[in-house]
Protein chains: 2
Amino acid sequence: MNAPIPSEAAASIAAVERDTGLAKDTLRVWERRYGFPAPARDANGERLYPPEQVEKLRLIRRLIDHGKRPARVVGASIEELVAMLDECLCPQAGAAGREDGLLELVRLHRSAELAVALRQALMKQGLQRFVADTVAPLAAAVGEAWMRGEVDVPEEHLFTEQVQNVLRGAIGAHATHEGRPRVLLTTFPEEEHVLGLLMAEAMLVPEGVACLSLGTRTPLADIRSAALGGGFDIVGLSFSVAYPARQAIDGLLELRALLPDTIAIWAGGAAVRDKHKRLPGIRVVGGLDDTLAALRDWRAEHP
Amino acid sequence: MNAPIPSEAAASIAAVERDTGLAKDTLRVWERRYGFPAPARDANGERLYPPEQVEKLRLIRRLIDHGKRPARVVGASIEELVAMLDECLCPQAGAAGREDGLLELVRLHRSAELAVALRQALMKQGLQRFVADTVAPLAAAVGEAWMRGEVDVPEEHLFTEQVQNVLRGAIGAHATHEGRPRVLLTTFPEEEHVLGLLMAEAMLVPEGVACLSLGTRTPLADIRSAALGGGFDIVGLSFSVAYPARQAIDGLLELRALLPDTIAIWAGGAAVRDKHKRLPGIRVVGGLDDTLAALRDWRAEHP
DNA sequence: AAATCAGTTTGTCCAGGACAAACGACAAAA
DNA sequence: TTTTGTCGTTTGTCCTGGACAAACTGATTT
């Protein structure tokens, strides 16, 4: 799976920023403060990061996304980092484990079989159960394996693509444009993950909800104008694990202030879980099944 | 459509980088050299960009993506910039104009009607003609209107989402996993636009090609390992207008060196058009119909 | 349990200098 | 005419080292 790479002995600071998601300023200040990373320099004095340091930075990034603090992880060895990752993940280990070997198909690049298996599961379970019982656990398992470094970029991309193909096809087949409520789905500009949105849409569409997804990365002001201009009843936002909780809360409160009270705001995803108290006027959706509960509540209040 | 925005009088340098795609370093050095932008400062001495300067920066960004150089555009007034944009776009104006008012549906947020109209066109024309005659001109028209500032973020997102829904559904319905050649589709890490890939996939799948799309933003080394591990015959890359030509060429040549000669590389999109001479060993695909020509050529050489 | 507060950690911003890659224009060679 | 080479200019990115506010930690009080 990982054939050795002949060229590319070292990466520039821009390449490391792209590959790890750590800002150039952050990389430089870590070097100054912690002595890591410790890149070589080229003839012009510019940083050259060896691949193993980039790999370690990737591990560190994942740990920080899960709440660890830099001082605790930057000094650690690779083995210690892997051990910390295991510790992070054990609590959730029960959730995975029984997704029918689909994860194996992802890991082995069996894309054709994965596509077939996903479609079969969809047919057997129906869209909502398929999303809640198959796609969501599988996405969690892939995310977890990604954290551990057991899947790499193409495997994760492959998984996302195949799931998108299946879900978008199924959502398109429902095609309800007339129902109520009217829901606008999107993410904030820093959030790139699209699967959360698609899963939410797939849960809502079979209930006769008129969903419109704008995809990812919509600026706040544009969310507002789209919501007002389109006559929507609800704006739904999705946040992945990696999204900073503080930023999510600030953004949501700002959006709440930008929208009239007649438009509800629903927020879902790991970054806002259990943040209900700090989000007055916003419905925190705890999971996919809670989406349906939220829908029931809304309909009870809007007869 | 653009209701006035109450809050947000000014944006931080990080927000401007996100909204315009211009790096923080670039924004500072323009200020130093050209005197524009000229942001205010907050109590802490940090830059605060007023909205109209951000808007002007967006115009400038688009002009630079189309080949203009900063010194020529940074000093100009908004009116002059708009005039330059018109000049840039007139040559292509003939291409748009007859896409059945679909552009109007995008502009007016008539998402439901847009979805219906797209599906109707797909049924009427078949997948390949639908892509080449409807989606591609419409995408060009949206890109052009985006350049002129006539559509904004939510409208462009809406368009992309609806087209993705239709295309992915249609592609999934074909579901050929056994054919030849086997084609791996993706983009380089800096490229985010996914429609080019989907259109290529939609052209190839009806021909019995086994396509696998990894989506956007795959690192070079991962493209290599995926191509080798999956037994692919062809790797297809897509580049949008905004992609720097030099970077595309360097990346393609590097990838060419990473892959055995038995695996062909196809490159398509505005950034590589007419760059055939500088890309030995790479098939430059000039347009969607040329994709089919490339496929015929490949099949002629691999009986 | 929840709120307050001091101390520490940490990411982002700033200034101004440097340099190589990319560009434009013009001249020489095919 | 087209291609190739040269040279000055433009332009984006990188560098150093300092500063500061926001976020977090943990002890203390309500």
Side-chain angles (χ1 to χ4, degrees), chain A residues 10-18 20-37 39-49 57 60-61 63-75 190 242-251 271 275 277-278, chain B residues 10-18 20-49 57 60-61 63-75 190 242-251 271 274-275 277-278:
Chain A
S12 71
I13 195 170
V16 175
E17 175 180 48
R18 171 166 47 65
T20 65
L22 296 164
K24 296 191 242 295
D25 272 325
T26 306
L27 290 167
R28 295 197 195 99
V29 90
W30 282 8
E31 185 180 339
R32 199 196 312 169
R33 287 184 185 150
Y34 313 121
F36 182 88
R41 299 294 178 126
D42 71 1
N44 194 33
E46 304 193 350
R47 292 170 173 80
L48 288 177
Y49 295 84
L57 285 170
I60 291 172
R61 173 68 208 270
L63 281 163
I64 289 177
D65 282 346
H66 276 247
K68 290 273 183 294
R69 301 198 62 181
R72 302 278 170 174
V73 290
V74 169
E190 302 80 11
Y243 201 95
R246 177 52 181 259
Q247 214 172 334
I249 292 168
D250 286 352
K275 298 289 188 300
K277 285 180 207 159
R278 294 163 72 183
Chain B
S12 72
I13 194 170
V16 176
E17 175 180 47
R18 172 165 45 65
T20 65
L22 297 165
K24 296 193 241 294
D25 272 327
T26 305
L27 290 167
R28 293 197 195 99
V29 91
W30 280 8
E31 186 179 337
R32 199 195 315 166
R33 287 184 186 149
Y34 312 121
F36 182 89
R41 300 294 178 129
D42 70 2
N44 194 32
E46 304 194 350
R47 291 170 174 79
L48 287 178
Y49 294 84
L57 285 169
I60 290 173
R61 173 67 207 270
L63 281 164
I64 288 177
D65 283 347
H66 275 246
K68 289 273 183 297
R69 300 199 63 183
R72 302 275 171 179
V73 290
V74 170
E190 302 80 9
Y243 202 93
R246 175 52 178 261
Q247 214 173 333
I249 292 168
D250 286 352
D274 306 325
K275 298 289 186 301
K277 286 178 207 161
R278 295 164 72 181

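Note that these values count all heavy atoms, side chains included, but never hydrogens, waters or copies made by symmetry. Every chain is numbered from 1, with letters handed out A, B, ... down the list of sequences.
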Sugar-phosphate, base or nothing in reach of [X], heavy atoms under 4.0 Å:
{"X": "B:Arg47", "value": "sugar-phosphate"}
{"X": "B:Arg246", "value": "sugar-phosphate"}
{"X": "B:Asp25", "value": "base"}

Are A:Pro39 and A:Glu31 close enough that some pair of their side-chain heavy atoms sits under 4.5 Å apart? yes
5'-most contact on DNA chain D (nearest-nucleotide basis), A:Ser12 vs A:Asp250, goes to A:Ser12
Select from A:Gly67 and A:Ile13 the residue whose nearest nucleotide in DNA chain D is closer to the 5' end of that strand. A:Ile13
Looking at B:Glu17 and A:Lys24, is there a salt bridge between them, counting it only when a charged N and a carboxylate O are closer than 4.0 Å? no
Quick one, B:Glu46 with B:Arg41, criterion side chain to side chain contact (heavy atoms under 4.5 Å, CB included). Give me CA distance, side-chain angles, the key distance, then yes/no. CA-CA 5 Å; B:Glu46 304 194 350; B:Arg41 300 294 178 129; over 6 Å; no
Is A:Arg41 near enough to D:dT16 that one of its side-chain N or O atoms lies under 4.0 angstrom from OP1 or OP2? yes
So, is A:Arg28 close to the D:dT16 phosphate, meaning a side-chain N or O under 4.0 Å from OP1 or OP2? no
Terminal helix-axis angle for the helix from C:dA1-D:dT30 to C:dA30-D:dT1, with five pairs defining each axis and rounding to 10 degrees: 50°
Using a 4.0 Å cut-off to any heavy atom of chain B, which nucleotides of DNA chain C are the first and last in contact, reading 5' to 3'? C:dC13 to C:dG24
Is it true that, when you exclude A:Arg278 itself, more than 12 heavy atoms of the residues, nucleotides or ligands shown sit nearer than 6.0 Å to its CZ? no
Here the gap from A:Ile60 atom CD1 to A:Leu22 atom CG, rounded to the nearest 0.5 Å, amounts to 8.0 Å
